[in-house]
Amino acid sequence: MQITPELVRDVGRAPTFARLSEPHIAALLRLMKPNTLAKDEVLFRQGSPGDTMIVIVSGKLGVSLDREGKLKPIAEFGRGEAVGEMSFLDPAPRSATVFAVQPTEVLELSSAVLDMLRQKAPSALVALVTGVRDRVTKALRDADRRMS
C-alpha cells in the first residue's frame with residue numbers, strides 16, 4: 001500500500017489527525033499495518049478486545065451497534081477517516097461492529113506505537129491523543145443528542 005501525498009492530505013483533514021503536521025501524518029502512516037477487506041467483511045465486532053485505530057485508505061467502512069442480536073447501522077466512514085479510536089487509547093471491548101461497505105483498504109495503528117511516539121516524537125503524541133480525545137468527545141455528544 002503506497003503512502004501518497006493525497007492520502008496524507010486526506011488523513012490530515014480528518015478531525016483525529018487535524019492537529020498533526022503532514023510530515024508527522026506521513027510518518028505515522030508508514031508505521032501502520034495495511035489490511036484489505038472484501039465487501040461485507042467484518043473488521044472487528046462489538047465486544048471484542050481491541051487496541052488499534054483504523055485509517056481508511058480507500059473504500060468505505062460501516063459502523064453498526066448490536067441491539068438484541070440485530071445490527072443497527074449508525075455511521076459510514078470513507079477515505080482518510082478513522083475508526084476505533086476509543087480502543088486505541090483504552091483497551092476496553094469494542095463499542096461497535098465495523099465492516100466493509102465495499103472493498104476497502106485500511107491501515108491499522110496499534111497502541112504500541114504510542115510508546116514509540118512518547119520517546120521519539122512527544123509533540124506528535126500529544127497532537128494525536130488530543131485529536132482522538134476531540135473526536136471521541138464529539139461522538140459522545142452527538143450520541144447523547146440523538147438519544148435525547
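Note that this is a predicted model, so its numbers are computed, not measured. Values below: every heavy atom of this structure, side chains too, minus hydrogens, waters and symmetry copies.
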Starting at [atom1] of [X], measure out to [atom2] of [Y] and round the result to the nearest 0.5 Å.
{"X": "Gln102", "Y": "Ser58", "atom1": "CD", "atom2": "OG", "result": "8.0 Å"}
{"X": "Arg9", "Y": "Thr4", "atom1": "CZ", "atom2": "OG1", "result": "7.5 Å"}
{"X": "Leu61", "Y": "Glu41", "atom1": "CG", "atom2": "CD", "result": "10.5 Å"}
{"X": "Leu117", "Y": "Leu109", "atom1": "CG", "atom2": "CG", "result": "7.5 Å"}
{"X": "Met53", "Y": "Thr16", "atom1": "CE", "atom2": "OG1", "result": "6.0 Å"}
{"X": "Ser95", "Y": "Glu85", "atom1": "OG", "atom2": "CD", "result": "9.5 Å"}

[X] and [Y]: which non-hydrogen atoms are nearest, and at how many Å?
{"X": "Gln46", "Y": "Ser64", "result": "OE1-O, 4.1 Å"}
{"X": "His24", "Y": "Ala124", "result": "CD2-CB, 3.6 Å"}
{"X": "Arg19", "Y": "Gly131", "result": "CD-N, 4.2 Å"}

With heavy-atom distances below 4.5 Å as the criterion, would you say the side chains of [X] and [Y] are in contact?
{"X": "Glu22", "Y": "Pro5", "value": "no"}
{"X": "Lys39", "Y": "Pro103", "value": "yes"}
{"X": "Arg118", "Y": "Asp115", "value": "yes"}

- Step-by-step side chain to side chain contact (heavy atoms under 4.5 Å, CB included) determination, Phe77 to Ile54: CA-CA 11 Å; Phe77 296 94; Ile54 308 301; over 6 Å; no
- Step through the shown structure and confirm whether more than 12 heavy atoms of other residues, nucleotides or ligands are within 6.0 Å of CE on Met86. no
- Hey, mind stepping through Leu28 and Val55 against side chain to side chain contact (heavy atoms under 4.5 Å, CB included) and telling me if it holds? CA-CA 11 Å; Leu28 267 179; Val55 175; over 6 Å; no
Is it true that a side-chain atom of [X] and a backbone atom of [Y] form a donor plus acceptor pair closer than 3.5 Å?
{"X": "Ser48", "Y": "Arg45", "answer": "yes"}
{"X": "Ser87", "Y": "Thr52", "answer": "no"}
{"X": "Arg94", "Y": "Gly47", "answer": "no"}

Applying a strict under-4.5 Å side-chain criterion to I, L, V, M, F, W and Y, I'd like to know whether [X] and [Y] cluster together.
{"X": "Ile25", "Y": "Val126", "value": "no"}
{"X": "Val57", "Y": "Phe99", "value": "no"}
{"X": "Val101", "Y": "Ile74", "value": "no"}
{"X": "Leu43", "Y": "Leu71", "value": "no"}
{"X": "Val113", "Y": "Phe44", "value": "no"}

- Do Glu108 and Asn35 get their side chains close enough for a donor-acceptor pair, meaning under 3.5 Å?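 On atom types as modelled, these side chains qualify, holding a pair under 3.5 Å.
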- Evaluate the side chain to side chain contact (heavy atoms under 4.5 Å, CB included) criterion for residues Arg79 and Leu7: first the C-alpha distance (whole Å), next the side-chain angles of each, then the deciding distance (0.1 Å), finally the verdict. CA-CA 8 Å; Arg79 181 181 169 91; Leu7 177 60; 3.5 Å; yes
- Message: Working note: Val11 + Leu20, criterion side chain to side chain contact (heavy atoms under 4.5 Å, CB included); need CA distance, chi angles, decisive distance, verdict.
- Response: CA-CA 10 Å; Val11 169; Leu20 289 165; over 6 Å; no
